[in-house]
Amino acid sequence: MQILDKNWQDWIRDNFSRGCIREDMLKVMIKAGVPEQTAVFNLTAYSDEIANNKTARTNSIVLSSELPLNKDFQQEASYLFQHENYIVTKDGQHIQVAMRIDTPDVVLLDNFMTHAECDELCELSINTLRKSTVVDDATGKTTDHAERVSQGTYFTIGQNDLVKRIEARISEITSIPVCNGEGLQILNYVRGGEYRPHFDYFPDSEGGRVHTAASGQRVITIIMYLNDVSTGGATIFPNINLSIYPKKGSALYFSYYNSLGQVDANTLHGGSPVIDGEKWIATKWLREREYR
Ligand code: PD2
Ligand code: ZN
């Protein structure tokens, strides 16, 4: 993505410092001939820089620049959600942007999947559920752990028509190619089941590097809620006091990197215990590069 010249950088800085509205600045830039995505990229890079300076002062967000990334993906993904209240996908799904937070980058999408699609995904996975595991940070190996009480299974990329449709929808809204996705994971929590707070990106450790060597880091998570849960089972972000309650068909999107390639530790998240009923979700993790 093109970094604009010094005149434009000065113009962006001056206008932000005068309190101008980002959308108005975008219009002026487009009118002056700057391609829209370039304008969005440069405006976002500047506002992220300000946000980082602010957060460094308040110390409320832990940022680390040790895990460099291709930044363009995140820009394009955020761009879509900033400008639309509704998204109609190519396959005709009417998705509603129900909630967004900019830092960390979290978006709740209603009606991401139809109820029939949710039911079909559960039915297709019920016979292959196995006890879930976690990745050991030190060794990179998967192990059983009390941190994660659920059963799960994976679909391979494009395993069936439904999985292909969901993957295409995710790719369309994030602008990240289908091939960068890990296989769709299905999780089923029964009463008492939980997933204690964790990061979805891999740590910068020997164990973490085992997982990032081929395809790079995870950059985005999308959790799709496949049923309504009677009590409990919210996805929680403890650092920012955010709880998202499962709603059949909705999807929670969050990305972990800002435009400078810094990871946001406020994406720490977990699945709180299911108190009554059960909980079904599908999780998609997207990588920097093709997933191999
Ligand atoms: O079940 C959840 O809400 C949840 C919470 C945290 C799922 C995941 N993480 C995950 O699949 O990574
Ligand atoms: Zn997670």
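In each ligand, atom 1 is the first atom listed, and ligand 1 is the first ligand listed. Just so you know, these numbers come straight off a predicted model, no measurement behind them.
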Task: F254/H269 aromatic ring centres below 6.0 Å - done: yes

TODO: Start with the C-alpha gap between R191 and E278, add the side-chain angles, then the distance that decides, and say whether salt bridge (charged side-chain N to carboxylate O under 4.0 Å, His left out) holds.
DONE: CA-CA 6 Å; R191 188 184 298 195; E278 62 176 334; over 6 Å; no

Open item on the list: Holding to salt bridge (Lys or Arg N to Asp or Glu O under 4.0 Å), I want the full list of residues that pass it with E120, two or more places apart in sequence or in another chain.
Closed with: none

TODO: To the nearest 0.5 angstrom, please state how far the OH atom of Y201 sits from the OG atom of S255.
DONE: 11.5 Å

Open item on the list: With rounding to the nearest 0.5 angstrom, report the CG to NZ distance, D228 to K279.
Closed with: 12.5 Å

Task: Rounded distance (nearest 0.5 Å) linking atom CD1 of I170 with atom CZ of R165 - done: 12.5 Å

TODO: Identify, chain by chain and in numerical order, each protein residue with a heavy atom under 4.0 Å from an atom of ligand 1.
DONE: Q185, Y189, Y195, H198, D200, I223, T235, H269, G270, G271, K279, I281, T283, W285

Open item on the list: Taking 2.8 Å as the limit, list every protein N, O or S atom around the Zn ion (ligand 2), by chain and residue number.
Closed with: H198 NE2, D200 OD1, H269 NE2

Open item on the list: Are Y225 and Y245, when compared by the centres of their aromatic rings, separated by less than 6.0 Å?
Closed with: no

Open item on the list: Does this structure show an ion pair linking K284 with E167, if we count only N-O contacts that are shorter than 4.0 Å?
Closed with: yes

- [ ] State which residues pass side-chain hydrogen bond (donor to acceptor under 3.5 Å, both in side chains) with D119; sequence neighbours excluded, sorted by chain then number.
- [x] K248

